[in-house]
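Report on the following structure.
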Amino acid sequence: MNHWLFKTEPDTYSIDDLRREGRCGWEGIRNYQARNRLRDEVQDGDQVLIYHSSCPVPAIVGLACVVGTARPDPTQFNPESPYYDPKSSLDNPRWVLVDIQWQETFAKPLPLKQVKTETRFREMELVSRGRLSIQEVDDQSFRHIVARCR
DNA sequence: GCCAACGTTGGC
DNA sequence: GCCAACGTTGGC
């Protein structure tokens, strides 16, 4: 069982939106490495830290879990969608998504600034590979973060 | 709004 | 398959 960190811009879709909806398809991933992880590595029941980017205080803000496995992202076929990809086809979809279920909104979100400061987080992809939108989180960091953000 | 880092595209 | 040009991300 792996743990993950999914990034989102709260102006587009926030942890509050996820809480309200309960469950959502994590649409709009348009990066091959992130896509490959969703398709090949993310498993039913995996836990996911939700991270807010491009906002006043970028931070890890909550917890969700994966429901089911990867499926084609319908937005790639919708010309009206900002995630539309004319090079994709129904026969051979290029992009996938996973569905996630809200579990928790943290009482004490963990700001990126803090993650960067502490040596225990040195190896986190959030520090070393900030732009990757689907990140793997090691077990120890994951447990530490959940415990201290509650 | 700037810009560094990094991903993608396409000509050759 | 290289690499220059270009586009995107995201912190600041």
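What's counted below: heavy atoms across the whole structure, side chains too, no hydrogens, waters or symmetry copies. Being a predicted model, the structure only gives us computed values, none of them experimental. Throughout, a chain's letter reflects where its sequence line sits, starting with A, and its residues are numbered from 1.
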Seminar exercise, completed: A:Glu125 meets the side chain to side chain donor-acceptor pair (under 3.5 Å) criterion, sequence neighbours left out, with A:Arg37
For this session: For each nucleotide in nucleotides 4-12 of chain C, reading 5' to 3', give B when a protein heavy atom comes within less than 4.0 Å of its base, S when such contact involves only the sugar-phosphate, and - otherwise.
Result: ---BBBBSS
Exercise. Can you name the closest pair of heavy atoms from A:Lys7 and A:Leu132 and give their distance?
Worked result: CE-O, 3.2 Å
Exercise. With ILVMFWY side chains joined below 4.5 Å, transitively, what does A:Val48's cluster contain besides itself?
Worked result: A:Trp4, A:Phe6, A:Tyr13, A:Ile15, A:Leu18, A:Trp26, A:Ile29, A:Leu38, A:Val42, A:Ile50, A:Val61, A:Val66, A:Val96, A:Val98, A:Ile100, A:Trp102, A:Ile134
Exercise. So with a 6.0 Å cut-off around CZ of A:Arg23, is the heavy-atom count from everything else above 12?
Worked result: no
Problem set entry | A:Gln76 side chain vs A:Asp73 backbone, donor-acceptor pair below 3.5 Å | yes
